[in-house]
Amino acid sequence: MSLPPGWTLSASAFNLTPAVIRAERTAPDLALTLVERGDASAIEIELGQMWRGFPAPETHEVEAFRARLAAAGGRVSIVGVSIDEYDRGRRRTDAERRAFLEPQLRAAASAGAAGVRLPIGQAGAMLDDLVPLLEELDLVLYEEAQGHETPAARPEAYARIAELDTPRVRLLLDISMLMPALPVTYLERLERGGIPADIARRLRDEWRDPATHDAVVGLLRSGHVPRPVHTLYMNLLVRFGRSRVQDLASALPLLGAVHLKFWDLDDADDRVSDPLRDVGVALAATGFTGTLCSEWGGQEWLDDDPWEMTSRHLALAGALLSDRPSSASLQRASAQ
């Protein structure tokens, strides 16, 4: 079976961050391996991770990478860019923020990317003024929403994309919003780190219960989150969502790309598979076209081989997304 027309599975070079940190090979060399190994023909890259010249890498370096990628049968789909909001403790003006962002957009175009990615709402007042530059460079700006950043939580940011009504600004949905349960390995790590038993039980058995969120915040405010897992604990408030796909219905027509975020591959109860199936049904119902990128977030606490994790996840995602739902299942999903 094949993916629906217009859908492209891709892989994120961010998945290889542990290898980038070891610095035994350059970041461009490592990104290229995702294509050379046959894992994906389209890849996402993080500009700040790829070249030392960030935010304005040398054009010849970017073009050389593009040529090597093309020779291997690959291409860049989306480039992750960023806006450094402060300069030596002083908040940048909008003109300075644009000056920081513009060379990144030009580098993305030199890399042959179809688009760039920013966190939803970060462009702010610049968004209108960026559209002519995006048109000049033939780029799409994808505003990425993840975790708890649902339409209900960020209505003004979603409304802004709809108001612009341009194919140059689209939404990128990260399926970390749609977690029916927390990653098994994450829960194990928190428990080993000394999280109170009652909180651990709630997180394991009642993730989607609003009372669990209240308990998570309560423990944080009490100052009793164990120090060894304090940073990991913050994922509960930022990176892990508890929504259902119907909660995103109003935003689906704005979608231009999807991050198939995964943390580990423990799928005994379909906690990895269900969000893939749910988003596949929803996208098929709305006529989506674009990239669906495998992005591994579990490297924060796991030492697994990133190439193996990416390859296994792409195989799982490809199988589930290629299973075209019937019209009856689409109707059932929309009614839930």
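Under the 4.0 Å criterion applied to side-chain N and carboxylate O atoms, R98 and E96 are not assigned as salt-bridge partners. Of the charged side-chain nitrogens involved, none lies within less than 4.0 Å of a carboxylate oxygen, so that E63 and R66 do not count as a salt-bridged pair. Taking 4.0 Å as the cut-off between side-chain N and carboxylate O, R204 and E191 count as a salt-bridged pair. Using a 4.0 Å cut-off between charged side-chain N and carboxylate O, D84 and R91 make no salt bridge. By the 4.0 Å N-to-carboxylate-O rule, E85 lies too far from R92 to be salt-bridged with it. Under 4.0 Å is where a charged nitrogen must lie from a carboxylate oxygen, and between R106 and E102 at least one such pair does. Salt-bridge formation is not detected for the pair D247/R244: no Lys NZ or Arg NE/NH1/NH2 atom is positioned less than 4.0 Å from an Asp or Glu carboxylate oxygen. R271 has no carboxylate O lying under 4.0 Å from a charged side-chain N of D266, or vice versa, which leaves the two without a salt bridge.
No donor-acceptor pair under 3.5 Å is formed between the side chain of S322 and the backbone N or O of A319. A donor-acceptor distance shorter than 3.5 angstrom exists from the side chain of S176 to the backbone of G147, with no hydrogens or angles considered.
Between M177 and A145, the closest heavy-atom pair is CE-CB, 3.4 Å. For the residue pair A317 and L276, the shortest heavy atom distance occurs at CA-CD1, 4.1 Å. C293 approaches S12 most closely through the heavy-atom pair SG-N, 3.4 Å. Nearest heavy atom pair, residue P253 against residue R170, reads O-NH2, 2.8 Å. Minimum heavy-atom separation, D94 to A125: OD2-CB, 3.6 Å. Smallest separation of non-hydrogen atoms from S82 and L101: O-CD1, 4.1 Å.
Going from atom CD of E136 over to atom CG of L130 covers 12.0 Å, rounded to the nearest 0.5 Å. Between atom CG of residue L190 and atom CD1 of residue I199 there is a gap of 10.5 Å, rounded to the nearest 0.5 Å. D264 CG to W296 CH2: the interatomic distance, rounded to the nearest 0.5 Å, is 10.0 Å. Atom CG of L171 is separated from atom CD1 of I161 by 5.0 Å, given to the nearest 0.5 angstrom. If you take CG on L314 and CE on M309, they are separated by 11.5 Å, rounding to the nearest 0.5 Å. The distance from the CG atom of L182 to the CD atom of E188 is 12.5 Å, given to the nearest 0.5 Å.
Counting only heavy atoms from C-beta outward, the side chains of L178 and L248 approach each other to under 4.5 Å. The shortest side-chain heavy-atom distance between L321 and L260 falls under the 4.5 Å cut-off. The closest side-chain heavy-atom distance from H148 to R154 is not below 4.5 Å. Residues E149 and E143 are not in side-chain contact: their nearest non-hydrogen atoms beyond the backbone lie 4.5 Å or more apart. T33 is listed as a side-chain neighbour of L16, based on a closest heavy-atom distance under 4.5 Å. Residues M179 and R208 have side chains not in contact (no heavy-atom distance under 4.5 Å, counting atoms from C-beta outward). Using a 4.5 Å heavy-atom cutoff, the side chains of N15 and L34 are not in contact. Side chains of N235 and L232 form a contact here, defined as non-hydrogen atoms less than 4.5 Å apart.
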Apply side chain to side chain contact (heavy atoms under 4.5 Å, CB included) to R168 and D138, showing your working. CA-CA 8 Å; R168 294 297 174 184; D138 194 20; 3.1 Å; yes

Is there a side chain to side chain contact (heavy atoms under 4.5 Å, CB included) between E295 and F14 once you walk through the steps? CA-CA 7 Å; E295 186 182 56; F14 174 79; 4.2 Å; yes

If you apply the rule side chain to side chain donor-acceptor pair (under 3.5 Å), what do you find for D209 with T212, and how did you get there? CA-CA 5 Å; D209 185 338; T212 297; 5.0 Å; no

Step-by-step side chain to side chain donor-acceptor pair (under 3.5 Å) determination, E144 to H259: CA-CA 9 Å; E144 179 181 7; H259 271 181; 3.1 Å; yes

Could you go through S10 and I43, starting from their C-alpha distance and side-chain angles, then the distance that decides it, and tell me whether this counts as side chain to side chain contact (heavy atoms under 4.5 Å, CB included)? CA-CA 5 Å; S10 63; I43 62 170; 6.0 Å; no

Trace of the side chain to side chain contact (heavy atoms under 4.5 Å, CB included) decision for V216 with L203: CA-CA 9 Å; V216 166; L203 294 176; 3.8 Å; yes

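With sequence neighbours left out, the salt bridge (charged side-chain N to carboxylate O under 4.0 Å, His left out) criterion links D165 to no other residue.
Ring pair F54/F100 is perpendicular by interplanar angle, where above 60° counts as perpendicular and below 30° as parallel. Using a 30° and 60° split on the angle between ring planes, F288 and W7 fall in the perpendicular class, above 60°.
Dense packing is recorded around CG of D198, with more than 12 heavy atoms of other residues, nucleotides or ligands lying under 6.0 Å away. Heavy-atom neighbours of R52 CZ from other residues, nucleotides or ligands within 6.0 Å: at or below the threshold of 12.
Partner D174 forms a salt bridge (Lys or Arg N to Asp or Glu O under 4.0 Å) with one of R117, R239, K261 and no other, that one being K261. The one candidate from Y233, F240, W207, F262 that meets the ring-ring contact (aromatic ring centres under 6.0 Å, His included) condition with Y186 is F240.
Side-chain contact check for T17 and Q49: at least one donor-acceptor pair (N or O, by modelled atom type) lies under 3.5 Å. In this structure, a donor-acceptor pair under 3.5 Å is absent between the side chains of T310 and D39. When only modelled atom types and interatomic distance are considered, T185 and W263 share no side-chain donor-acceptor pair under 3.5 Å.
A chain of hydrophobic side-chain contacts below 4.5 Å, direct or via other Ile, Leu, Val, Met, Phe, Trp or Tyr residues, connects V76 to V62. Cluster annotation: M50 and L139 are assigned to the same hydrophobic cluster (Ile/Leu/Val/Met/Phe/Trp/Tyr, side-chain heavy-atom contacts under 4.5 Å, transitive). L292 and Y142 are assigned to two separate hydrophobic clusters, defined by single-linkage of ILVMFWY side chains at heavy-atom distances under 4.5 Å. Hydrophobic cluster membership differs between L172 and L254, with clusters built from Ile, Leu, Val, Met, Phe, Trp and Tyr side chains linked at under 4.5 angstrom. Using a 4.5 Å cut-off between side-chain heavy atoms of Ile, Leu, Val, Met, Phe, Trp and Tyr, with links allowed through other members, L255 and I78 fall into different hydrophobic clusters.
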